[in-house]
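Every chain is numbered from 1, with letters handed out A, B, ... down the list of sequences.
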Amino acid sequence: MSSRTLPLLFINLGGEMLYILDQRLRAQNIPADKAKKADWIEDDRRRVMNDIITTMFNKKFLEELFKPQELYSKKALRTVFDRLAHASIMRLNQASMDKLYDLMTMAFKYQVLLCPRPKDILLVSFNHMDAIKDFVKETPSILSQVDETYKQLIEMYTPLSSGEFQLIRQTLLIFFQDMHIRVSIFLKDKVQNSNGRFVLPTSGPVPHGTQIPGLIRMFSCSGEEVKKLQFRNGGNYTSALREGSFEMFGERVIKLGTNMYSVSRPVETHLSGTSKNSAQQKSVNTTPNPLAKEELNMLARLMGGLEVQKTSSVDNGFRVNLFATDEEEEEALISRPDEFSYDVINIQATKNQRANAELAKIMGDFTEEGEELCPSSASSKGDDLLAMMDGL
Amino acid sequence: MTFHAKVELSLWLQRTRDDLKMYHKEKSIQIKSSASALYNNLSVLRIAPRNLTYFSVVHANMVNMVSASWDGLNYSHRQLQSKEPNVTTSSSLIMQAAWCVLPYREILVLTSQKGIQMYESDGSIMVYWHALDTPETPTAQAVFARGIAAVRDKYICVGISSGSVLVFDVPSKGSNITLSEVLEEHKESITDMASECSGSLECIADLVSADDSGNLSVWKSGEDFQLLNKIPGFDMSCSSVKLWKGTVVAGYGTGQIRLYEAITGIIHAEINAHARWIYSLDIAPFSGLLLSAAEDSLVRVWHLTVTPETNSVEIVHMYNECVTDTQICGAKFCDGDGYAFAVTGYDLSEIIRYTQA
């Protein structure tokens, strides 16, 4: 459908990811035992956030992202975020990565669904951008990357009509179709029902540009109003709020897309949904082989721009846990139902026979079982991957 | 019934108890996959001789078809994929599916990102395929077909994202369907199209097409379609449109419904109908009941009276139904009197039905 959806999807999901990581990093900051290896300090937290944000707003990567293209499959996008999440010294286990992705996607689904007008998705994106800008406000180099991105968003999206924004929204809703993972914070705030579906209120302010329902006006042939009738609208609506700012600065008015997490409100997910739901989820993801190859190429080009920091070894990485305890994390991994597993493409591209065979297998069968992306050794890894793609 | 009596009746109905509501909920029909958030995402075909009703709902790249017997005992399902011959790349998303009723046959039309497919009414055989000009690499402007209408005896009209309207000539049987004309009037993507549904041969206007900027074009069919009138939009997308007794009923993204006289463009009525984007309108041609549904979870029933002799058009609100926590994407009457209607919603795997109490 719309070929302008990917930048919004990526930036908003990325924004949610940063909110969650920031919250977890602060939560794990409480030093129970100073001697423990996994202690975080303020500097480390900021370093992780900076590394991820730098990677996210890499110029080459964004260039690829902003090109007109169809949305990636869920698998492909998950792969991009796996790599992004590992763009720093932070390490996430499979279970934590799964949970992180669940939270990110359900949060953005909620925001897209509840946007008063389709155009307000841009305001939601600006809310995320504003927060990201705040995360890196003390690092001018990254700040300028973020500012560049604001300009690109404004240039690309502000001229679009309401109908074109609705097409973007419809494209996003197809991407999020049949996802009903329950999120604790949503359940507590009563914005999500226990069956995983979001609450759509029939009250509150109407969108900017819409009138409160209830009035019928009838006109004569000469255009004079001849009759006015009222009807009960079945809701409890109030007048529209003022419009938010679509510029680099300004009050966005809409609260969707602002940070809803804090240290005192931990995030948990419950994997719910009947098997019927999950079967439907699978049916949208299934793609035939010819698509897999085309998508893999697009993915390689995109990933080629994701320059990942040089890391010495896994041991030096700090592990972040999205669960309350290590045991819970392990339990979550074991007990995660098959239908909720994210198939991640293994792109460990080393120049050896085994890897070649592995990649050939990926081309032939787009269902690699969820393997954690190994931390890359050099930024030329992306180039290696591209070369391999061309050779196959 | 006089106009005032109608108003009184409608107000009374709104005040009455649940058991005296105009419509009550029936047993839902389960479908194999959930409805996607697309305009006009429900089509209904009533087959009286066989006591059956067909329903179709779009889910991403496929169409869920259900055949329901009137006694409520038999349901059969079929799923149609957007298979496009000679296309090797990704399967494309379907924008709309609708039955076109012509005098001698009914055709099921599917519009997607790659082209237009036409099937026999039960979806068993594809009789025609028209490919859109899709560029090698994706362009900023999306390419797709959307907006389907059967016009008079032999035409099926389909809209395109560029604003063009394709007119297909359909024989009474067989697959010798041809592209007869391309109407270039709209500059924005076509959203919906509707043909005159009153059955009256006196109406001059046969077809109305709507686009993303809210512009409406009114046409007369024939060997060469003739543009009768253009009704300007107000830069707000018109997502659903109907044409009945020479009156255009248009639903907009602002939640407004407007009634225009098709030939002249004179506005008869303006209703602040919904609190969110309208996704579907339908008219029951024998009774003049109008159905509107939107992202705000509400389905509303109105009564429309058109008196061509006095050139007067009146509209009265009759009924509200709230489909809790659902963004409605399709709503259609199941019969010409409006005795029953059906509703689909985003992420819902059922067709919800209501009948008059």
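To the nearest 0.5 angstrom, B/Leu38 atom CG is 9.5 Å from A/Gln166 atom CD. Taking OG of A/Ser2 as the start and CZ of B/Phe144 as the end, the distance is 9.0 Å to the nearest 0.5 Å. Atom CE of A/Met218 and atom CD1 of B/Ile271 lie 8.0 Å apart (nearest 0.5 Å). Rounded to the nearest 0.5 angstrom, B/Asp347 CG and A/Leu173 CG are separated by 8.0 Å. Taken to the nearest 0.5 Å, the CD atom of A/Gln177 stands 5.0 Å off from the NE2 atom of B/His59.
Contacts from residues 256-268 of chain B to chain A, taken as heavy-atom pairs separated by less than 4.5 Å, involve B/Ile266, B/Ile267, B/His268 in sequence order.
Annotation: side chain of A/Glu70 is in contact with side chain of B/Gln113 (closest heavy-atom distance under 4.5 Å). Between B/Tyr319 and A/Phe231 there is no side-chain heavy-atom pair separated by less than 4.5 Å.
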Please evaluate residues A/Met1 and B/Met95 with respect to the criterion side-chain contact (heavy atoms from CB on, under 4.5 Å), reporting the C-alpha separation (whole Å), side-chain torsions for both, the decisive distance (0.1 Å), and the verdict. CA-CA 9 Å; A/Met1 289 177 38; B/Met95 304 300 288; 3.9 Å; yes

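Heavy-atom distances place the backbone of B/Asp235, and not its side chain, under 4.5 Å from chain A. Contact annotation for A/Arg217: both backbone and side-chain heavy atoms come within less than 4.5 Å of a heavy atom of chain B. Heavy atoms of A/Phe198 lying under 4.5 Å from chain B belong exclusively to its backbone. Both the backbone and the side chain of B/Ser36 come within less than 4.5 Å of a heavy atom of chain A. If you measure heavy-atom distances from A/Pro201 to chain B, you find no contacts under 4.5 Å at all. For a residue to count as touching a neighbouring chain, one of its non-hydrogen atoms must lie under 4.5 Å from one of that chain's; by this rule B/Tyr252 does not touch chain A. If you measure heavy-atom distances from B/Val143 to chain A, you find no contacts under 4.5 Å at all. Neither the backbone nor the side chain of B/Phe234 comes within contact range of chain A, judged by heavy atoms closer than 4.5 Å. There is no contact between A/Lys119 and chain B, counting heavy-atom distances below 4.5 Å.
Taking both residues in full, the closest heavy atoms of B/Ala37 and A/Gln170 are given as O-CG, 3.1 Å, listed atom of the first, atom of the second, then distance. Counting all heavy atoms, side chain and backbone alike, A/Pro205 lies closest to B/Arg276 at O-NH1, 4.3 Å. Nearest heavy atoms, A/Ser162 versus B/Ser237: OG-N, 3.7 Å. Of all heavy-atom pairs between B/Arg146 and A/Leu167, the closest is NH1-CD1, 4.3 Å. Between A/Leu113 and B/Gln327, the closest heavy-atom pair is O-NE2, 2.9 Å. When all heavy atoms are compared, the tightest approach of B/Ala275 to A/Thr210 is O-CG2, 4.0 Å.
Note: B/Ala273 leads B/Cys329, B/Ser312, B/Ala273 in heavy-atom pairs under 4.5 Å with chain A. Between chain B and the residues A/Pro116, A/Gly235, A/Gly223, A/Ala240, the most heavy-atom pairs under 4.5 angstrom are made by A/Pro116. Most heavy-atom pairs under 4.5 Å with chain B, from the set A/Arg169, A/Lys227, A/Glu164: that is A/Arg169.
Just one of B/Asp296, B/Thr324, B/Leu298 meets the side-chain contact (heavy atoms from CB on, under 4.5 Å) condition when paired with A/Thr202; it is B/Leu298. Of the candidates A/Leu215, A/Ile212, A/Ile216, A/Leu215 is the only one forming a side-chain contact (heavy atoms from CB on, under 4.5 Å) with B/Asn272.
Qualifying side chain to side chain donor-acceptor pair (under 3.5 Å) partners for A/Asn193, counting only residues two or more places apart in sequence or in other chains: B/Asp325.
Between the side chain of B/Asn311 and the main chain of A/Cys221, no donor-acceptor pair closer than 3.5 Å is present. Under a 3.5 Å cut-off, the side chain of A/Ser3 and the backbone N or O of B/Ala140 do form a donor-acceptor pair. Looking only at distances, a side-chain donor or acceptor of B/Arg300 sits under 3.5 Å from a matching main-chain atom of A/Asn233.
No donor-acceptor contact under 3.5 angstrom links the side chains of B/Glu270 and A/Gln211, judged on distance only. A side-chain N or O of B/Ser34 and one of A/Asp178 form a donor-acceptor pair less than 3.5 Å apart.
Using a 4.0 Å cut-off between charged nitrogen and carboxylate oxygen, B/Glu295 and A/Arg117 do not count as a salt-bridge pair.
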